[in-house]
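Basis for what follows: all heavy atoms, side chains included, without hydrogens, waters or symmetry-related copies.
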Amino acid sequence: MAHFTDVSIGKVVISDTAPAITKIINWFTGKESSVLTAGKSVILEGKRLKLGTSASGLFLAPVDEKGDVSDNEAEWINCTDLVRQNTPKKIDFYLPDEAVPGDTFRIVIKSNYINGTTERKQSTFTYSDVVTIG
């Protein structure tokens, strides 16, 4: 058995490949906002946002009074078919008719995309801050 002495680690690099939402823009007002206009578009900006294969999706997950999301994905509103633009830095999608004024959600990106040729074996989930439909 080999023994090592005087070994040091110069740098630890953690590679985070999960999507990151940095801005939520109400397309109707053209402003960054946590209040979204019912029936209009929403633009998400960030890093690694692109949805991958059919294992990926974009959802509105209802939140409770604390802002917590239910783990039951059956309660989430699937917006994947309403995506107009799907790039690593931007997702543009329409709010579905099920999202009515007064409702509160977190936008959820479920993605298995890493880059053009690489996919994750398991999907990752990214949650936005709480948004309200106005």
Side-chain angles (χ1 to χ4, degrees):
M1 179 190 297
H3 293 282
F4 296 95
T5 58
D6 297 326
V7 175
S8 64
I9 298 173
K11 180 170 39 169
V12 175
V13 177
I14 298 173
S15 178
D16 182 7
T17 59
I21 300 169
T22 57
K23 284 186 182 179
I24 301 171
I25 300 168
N26 179 330
W27 186 87
F28 188 69
T29 64
K31 297 180 181 175
E32 187 173 351
S33 179
S34 63
V35 178
L36 307 176
T37 304
K40 302 297 181 183
S41 287
V42 177
I43 298 170
L44 303 178
E45 292 182 355
K47 298 178 183 177
R48 300 172 296 276
L49 297 178
K50 186 172 181 171
L51 303 176
T53 65
S54 60
S56 297
L58 180 74
F59 304 89
L60 295 178
V63 296
D64 62 19
E65 58 280 345
K66 295 181 199 173
D68 293 332
V69 171
S70 168
D71 290 335
N72 182 358
E73 290 182 42
E75 296 175 0
W76 298 3
I77 300 171
N78 190 337
C79 301
T80 309
D81 291 340
L82 302 174
V83 172
R84 300 182 329 161
Q85 184 175 10
N86 180 23
T87 69
K89 293 184 179 183
K90 184 188 283 187
I91 292 179
D92 180 345
F93 71 100
Y94 286 107
L95 286 173
D97 293 339
E98 296 92 336
V100 296
D103 286 350
T104 54
F105 301 96
R106 287 187 188 265
I107 301 168
V108 181
I109 296 174
K110 177 183 178 182
S111 181
N112 64 340
Y113 179 83
I114 293 178
N115 62 39
T117 58
T118 308
E119 295 177 0
R120 296 179 199 351
K121 291 180 183 173
Q122 285 195 291
S123 296
T124 61
F125 290 84
T126 300
Y127 299 85
S128 74
D129 292 336
V130 174
V131 296
T132 303
I133 308 302

Could you state whether [X] and [Y] fall into the same hydrophobic cluster, counting links through intermediate Ile, Leu, Val, Met, Phe, Trp or Tyr residues with side-chain heavy atoms under 4.5 angstrom apart?
| X | Y | value |
| --- | --- | --- |
| Leu95 | Ile77 | yes |
| Ile109 | Phe59 | no |
| Val69 | Val42 | no |
| Val100 | Val63 | no |
| Val83 | Val131 | yes |

Looking at Leu51, is its backbone amide N or carbonyl O close enough to the side chain of Asn86 to form a donor-acceptor pair, meaning the two atoms are under 3.5 Å apart?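 Yes.
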Return yes if some donor-acceptor pair links the side-chain N/O of Arg84 with the main-chain N/O of Tyr94 below 3.5 Å, else return no.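 Side chain of Arg84 to backbone of Tyr94: no pair is present.
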Write down the atom of [X], the atom of [Y], and the distance for their closest heavy-atom approach.
| X | Y | answer |
| --- | --- | --- |
| Leu82 | Pro96 | CD1-CB, 3.6 Å |
| Pro19 | Thr124 | CD-OG1, 3.3 Å |
| Ser56 | Ser111 | OG-CA, 3.5 Å |
| Arg48 | Ala20 | NH2-CB, 4.3 Å |
| Ala38 | Ala99 | CB-O, 4.0 Å |

[atom1]-[atom2] distance between [X] and [Y], expressed to the nearest 0.5 angstrom:
| X | Y | atom1 | atom2 | answer |
| --- | --- | --- | --- | --- |
| Ile43 | Leu36 | CD1 | CG | 11.0 Å |
| Glu45 | Asp92 | CD | CG | 10.0 Å |
| Lys23 | Lys90 | NZ | NZ | 10.0 Å |

Where do Ile21 and Ile91 land on the side-chain contact (heavy atoms from CB on, under 4.5 Å) test, with the steps shown first? CA-CA 10 Å; Ile21 300 169; Ile91 292 179; over 6 Å; no
For a 4.5 angstrom cut-off between non-hydrogen side-chain atoms, does Leu60 reach Ile107?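 Yes; the side chains approach each other to less than 4.5 Å.
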Check whether any side-chain heavy atom of Leu44 sits under 4.5 Å from a side-chain heavy atom of Ser128, and report yes or no. no
Which residue pairs pass the side chain to side chain donor-acceptor pair (under 3.5 Å) test when at least one of the two sits in residues 32-44, sequence neighbours left out? Asn26-Thr37
Given Val130 and Arg106, is the side-chain contact (heavy atoms from CB on, under 4.5 Å) satisfied, shown in steps? CA-CA 5 Å; Val130 174; Arg106 287 187 188 265; 3.6 Å; yes
Within a reach of under 6.0 Å around CG of Asp64, are more than 12 heavy atoms found that belong to other residues, nucleotides or ligands? yes
For atom CZ of Phe28, decide whether the heavy atoms of other residues, nucleotides or ligands shown that lie under 6.0 angstrom number more than 12. no
Working for side-chain contact (heavy atoms from CB on, under 4.5 Å), residues Trp76 and Lys110: CA-CA 12 Å; Trp76 298 3; Lys110 177 183 178 182; 5.8 Å; no
Do Ser70 and Asn72 have side-chain N/O donor and acceptor atoms under 3.5 Å apart? no
Step by step, would you call Thr126 with Val108 a side-chain contact (heavy atoms from CB on, under 4.5 Å)? CA-CA 6 Å; Thr126 300; Val108 181; over 6 Å; no
Is Val35 isolated, or which residues cluster with it under the ILVMFWY side-chain rule of less than 4.5 Å, directly or via members? none
Residues that Thr104 engages under side-chain hydrogen bond (donor to acceptor under 3.5 Å, both in side chains), provided they are two or more places apart: none
